[in-house]
Every structure is written in structure tokens, then in C-alpha cells.
J.: 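There's a structure below that I have some questions on.
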There are 2 protein chains.
Amino acid sequence: MDRTIHDVARLCGTTSRTLRHYDAIGLLPPSRVAGTGYRYYDDDALVRLQRILLLRGLGLALPEVQRVLDSEQDPVTALRAHLDRLRDEQNRLSRQVASVTWTITALENGDPLMAETMFDGFDHTRYQDEVEQRWGAAAYAPGDAWWRALSAVDRETWKRRVTELGAAWVAAAERGTTPGSAEAQDLARRHCAWLASIPGTPGHGTGRPAKEYVLGLGEMYVADPRFAAHYGGEQNATFVRDALRVYAEGNL
Amino acid sequence: MDRTIHDVARLCGTTSRTLRHYDAIGLLPPSRVAGTGYRYYDDDALVRLQRILLLRGLGLALPEVQRVLDSEQDPVTALRAHLDRLRDEQNRLSRQVASVTWTITALENGDPLMAETMFDGFDHTRYQDEVEQRWGAAAYAPGDAWWRALSAVDRETWKRRVTELGAAWVAAAERGTTPGSAEAQDLARRHCAWLASIPGTPGHGTGRPAKEYVLGLGEMYVADPRFAAHYGGEQNATFVRDALRVYAEGNL
DNA sequence: CTTGACCTTGACGTTACGTCAACGTCTAGC
DNA sequence: GCTAGACGTTGACGTAACGTCAAGGTCAAG
């Protein structure tokens, strides 16, 4: 009647280590334990093991298997929840496959591995997380896939726009323009329009960036030396921030 | 120039713990370590971190990221291999989704959770692993999905065929038939035809089961009390085994 | 009684960090 | 100079589900 641990393992296509594990976590105690410590399993235990292995084969975690077999949870409910997780995982995988595929073709076209020079050191997507954490913009899930998806020409166009905008800001600041001036406000308008065109920006799609996000970015332009450097120093960055603030308060 | 660990973490959207981990495994040593043990990172380290995070985001394991960044492996090659793994995982997930979906509908139709009574306790699919291990049949990947996919009518038909075949074996054995007799050999032929019809059987699809597999099964009918019981004891099982052996040697 | 097969518990390794714990360091304000 | 509080350090455990030794006890056959 009673089988040894290895016999049971072979019969069910698993290992004795697994059975000991299931005993250790209380999932499948042996039907009998001899004085020597030897584990013995009867037919009921075999049936339970079959069920465990089937559910595990469907991808359920062991604690969940246990809840189902001990009738603490409806099998159908558990499986439905599991199905949702599986679909999430499928989506995640699909996105990852797309990203990897895209990166491979990009590399084969001679693109550098990274877009670390994208935006000429002015990569907002790399700082959105920080803006969000420090100034509480709405949550979003950015990424640089959209940038890598652009054609070389589009990228050049984009970079040129960024460079021009930055140069205009610097020029206005050096000239002593005030943040509230018409010129500064026009730059702020262009800046916001540009921000809104970046996928991942809070407000992207509505035509204008979220107010809190713009205010947060402005603060960071000043606070972060990398951004400040882009505008030729903290002085200029402060000017940009103030101009953006005025614009945001009045228009966003 | 040099940033503290937490600043770098915030800038790149990760955590200081992660940076310490990358230091510990030699993936990203700080550019400078003060006498106090404090870690400081320069711009080069930031760039490397960006690359690490991008590759990690694509799903590469850290040792692989390290090999790529240290130019020990071509990025495209690594990504292609990774893509293969991702596709395998996608396939696995698809199959699992199908299995879970099927199980859910089966449960809703009132089927018992398990098919542990399938084949009336004569489930070859449950023992194929053992046959393979002990007698070296070809590798295969069985499963009981095909059985669960059968309609109720099909299952009854199937069970009846199995029962009839078993009864015929028992009858022949009890009558004292010899393994090499025409009657026994005809039963062996039917038995092999039946085996070949089971998806997962080595040789399934060729119309006849693999010779080694049949020989192995015959041994198991005798060796395993569960199978032997199906034939009414070890005596009868031995008869079945011998008849199968004769048939297999002459026809497979 | 021996030999070999099989059993036991214990413990470490796997992946990429999260999360304390205990304790040293830096900086700003008084 | 002192102190509070923020930030840094190393060390260690936990995660999921076992695989894989290691050291040593048990069982069945010859």
C-alpha cells in the first residue's frame, strides 16, 4: 500500500526533493512517518499529489495550490485570477519583444547603443521620474522607445528644434529680458508646445503640458546643474523657470 | 562633479540599494570611494548606469549586461539570443493560457478537477516519464490536455475501448493462451494500435508505437502493481508483456 | 555481516534586489 | 564647537521552488 518517497516521485514524474519540500511547507504531508523518519505515502496522498502537480503545471503558486486544495478558495476563481496575471505577463512580454527587436535593428543601422546624447544632453524623459517624485506630477509610464522609433531625419529635426529653443532662451536671458515680457512668454509658449509633443509628458495628447509638471520642470532646470548648464548657468535657468511659471499660471 | 549615491539613484530612477548591488557584483563600481567608504559617481559612471538600465529594461540578466558593456559580447548577438528566450517564454505562456482556459471551462461544466480516474486507472500518460527513464524511450512532451479536450462522448468511447481491450487480454490469459498464439498476437496488434492513437506516445503519428516504448511498457505492466492489477494480477500482466514482446520484435 | 541502494536532516545556491539593524559621517544652524 | 537630522556604510535575512551536495542513519539481499 504505502510507497516510499522515491517510488511516489517516479510514479508522478517529480523528485523526492520536491516531495520533502511539499512536506516542509505543509502542502503534502506523508500519510505515515515511520519511527526512523522515513516518509510513506498512500493512495490518497498520491491523488493529492496529482492535483498539486496539475495546478502547479497550470502555473499556480504553491500557496495558492494549497488554498484551492484545502477548499479555502474556489478553483475557478483562482484560475481566473491566474489567467489575468498570465495575460499581463503576455502583454509585458510582447512589449519587451518589440523593444528588443527595435533595438536590434537600430544597432544594425549603426545607431549607438544608447540615446544618452539624445536631446544633446537634454533628455526630459530621463528626468520625468524625478520631477514626479519631487513635485508630484501625475503618474505616467514614459520610455525612450518613441525616440528610438523616429527616423534619423526626424531625430535631426527634433534635435535642431531643441537646440534652437535653447539658444533663444539663452539669448533672451543674456539680453536681460524680464520673465513676464512678451518675448519671454512667447518662448514659454513654444517651450510648452514642445513639451506637449513629447510622448510621456503629463498632458501629452491634450495639446498642453500639465501645469504642475511645467512648474516642477522649471524648478529642476534651476536645481539640477545638468539642466542649468544647458541654459548657460543657473542665472539663465532661473530666468527660464520664472518665465515658465508666469506662463503656466496664466495659461495652463 | 561627483554625485552621491542617492543623487545618482534619483537621477536615473533607481535606488541606492541597486547601486550598491551593482558595485558588489562588479557591474558598476563608483568612480571614487572616499576614505569613509562613501561612494561617488562621475559622468562616465552615469553613462554606464544608463546603459545598464536600458539593457536591463530589455530583460537582459545582469551578468549578460556586464558582458555586453565590457565588450566581451556583441550586443546584437546577445539581444538575438535574448529574443529567442523571450519567444520561448511567449510560447510557454500561450500554452499555459490555453490550458488554464480549458480547465476553467471544464470545471464550469461540472467536470472533476482531475482526470485521475481517466482510463479507469490506466493512464499511460502518467507513466510515460517513468517508462522513458527506466527503459530509455525517445523523449517527448505529453500532457493530458488532449484528453480533457475530448468530448464526453469521445471519452466514453475511449474508455470502452480500453475496457474491452483489457477484458480481452484477461480472458486470453485466463484461458491459458500462449504469448505467441495468433489470438495473443492479434490482441498485441490492437494494443499497439491503441497506444499509437494516444498523443504523446513515442511513435504517435507514424501509426505504430516505438518498439522500445512497447517493450518498456510491457515491463512496467509486470513491475508496477497498479498496472498488473488492471490485468488481474502479475501472472496475467506477464502474459501481456510476453505477447507484446513477441509482437514488437516481429512487427515494430 | 557486508554491500549498495535508499532514507534522513541541514545547509548553501539560484535572481535582483527590498528591508531592517546597528552604527559612522556630513552639514546646517545655534 | 556642538548637536540634530539627513545620509552613508556593512551585514544579514527574505524572496520561489526547489537542485545539489554533505554527513550519516536504514533497509533488503546475498
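Lettering follows sequence order; numbering is per chain, from 1.
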J.: Measure the distance from NE2 on His21(B) to P on dT15(D) and round it to the nearest whole Å.
T.: 18 Å
J.: Select one nucleotide: of dG8(D), dA16(C), dC7(C), the one nearest the side-chain heavy atoms of His6(B).
T.: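 Side chain of His6(B) sits closest to dG8(D).
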J.: For the side chain of Pro63(A), counting heavy atoms from C-beta on, which of dC27(D), dC18(D), dA17(D) is nearest?
T.: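 From the listed options, dA17(D) comes nearest.
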J.: Select one nucleotide: of dA12(D), dT26(D), dC18(D), the one nearest the side-chain heavy atoms of Arg56(A).
T.: dC18(D)
J.: Map Leu19(A) and Thr36(A) onto DNA chain D by nearest heavy atom, then report which one ends up closer to the 5' terminus.
T.: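 Checking each residue's closest nucleotide, the 5'-ward one belongs to Leu19(A).
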J.: State the CG-CG distance between Asp74(A) and Leu107(B), to the nearest 0.5 angstrom.
T.: 8.0 Å
J.: Between Ile5(B) (CD1) and dT10(D) (C1'), how many Å, whole number?
T.: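 Checked: the CD1 to C1' distance equals 12 Å.
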J.: For a quick check, tell me whether the side chain of Tyr40(B) and the base of dG8(D) share a donor-acceptor pair closer than 3.5 Å.
T.: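 No, no donor-acceptor pair under 3.5 Å.
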J.: Look at the side-chain N and O atoms of Thr15(B) and state whether any lies under 4.0 Å from the OP1 or OP2 oxygen of dC17(C).
T.: no
J.: Can you tell me the distance, in whole Å, between the NE2 atom of His82(A) and the P atom of dA16(D)?
T.: 15 Å
J.: Nearest whole Å is fine: how far is dT9(D) P from Tyr41(B) OH?
T.: 7 Å
J.: Closest nucleotide of DNA chain C for Leu60(B) versus for Ala34(B): which of these residues is on the 5' side?
T.: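 Whichever sits nearer the 5' end wins; that is Leu60(B).
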J.: To the nearest 0.5 angstrom, please state how far the CZ atom of Phe239(A) sits from the CG atom of Leu244(A).
T.: 9.5 Å
J.: Are Thr18(B) and dG18(C) close enough that a side-chain N or O sits under 4.0 Å from OP1 or OP2?
T.: yes
J.: Can you tell me if Tyr22(A) touches the phosphate of dA17(D), counting only side-chain N or O atoms and a distance under 4.0 Å to OP1 or OP2?
T.: no
J.: Has the side chain of Arg20(A) got a donor or acceptor that lies under 3.5 Å from a partner of the other kind on the base of dT9(C)?
T.: no
J.: How many whole angstroms separate atom CZ of Arg17(A) from atom C1' of dA11(C)?
T.: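 Result: 10 Å.
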J.: Rounded to the Å, how far apart are Asp2(A) CG and dC27(D) C1'?
T.: 16 Å
J.: Do you know which of Thr103(A), Ile104(A), Val97(A) makes side-chain contact (heavy atoms from CB on, under 4.5 Å) with Val100(A)?
T.: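 Result for side-chain contact (heavy atoms from CB on, under 4.5 Å) with Val100(A): Ile104(A).
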J.: With a 3.5 Å distance limit and no angle check, can you tell me whether Arg39(B) reaches the backbone of Arg3(B) through a side-chain donor-acceptor pair?
T.: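 It does not hold such a pair.
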J.: Quick check: on DNA chain C, is the nucleotide nearest Tyr38(B) upstream (toward 5') of the one nearest Asp23(A), or the reverse? Name the residue that is more 5'.
T.: Asp23(A)
J.: How close do Ser31(A) and Asp2(A) get, heavy atom to heavy atom, and via which atoms?
T.: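 The answer is OG-OD1, 4.5 Å.
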J.: Nearest-Å distance, CZ (Arg32(B)) to C1' (dG8(D))?
T.: 14 Å
J.: Hey, does the side chain of Arg39(B) come within less than 4.0 Å of dG8(D)'s phosphate (OP1/OP2), counting only N and O?
T.: no
J.: Measure from NZ or CZ of Arg32(A) to the centre of the six-membered ring of Tyr40(A) and say whether it is under 6.0 Å with the direction within 45° of the ring axis.
T.: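 Pair Arg32(A)/Tyr40(A) counts as cation-pi.
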J.: Taking atom P of dA17(D) as reference, at what distance in whole Å does atom CD of Gln66(A) sit?
T.: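 The distance from CD of Gln66(A) to P of dA17(D) comes to 11 Å, rounded to the nearest Å.
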J.: Is any side-chain N or O of Ser16(B) closer than 4.0 Å to OP1 or OP2 of dC7(D)?
T.: no
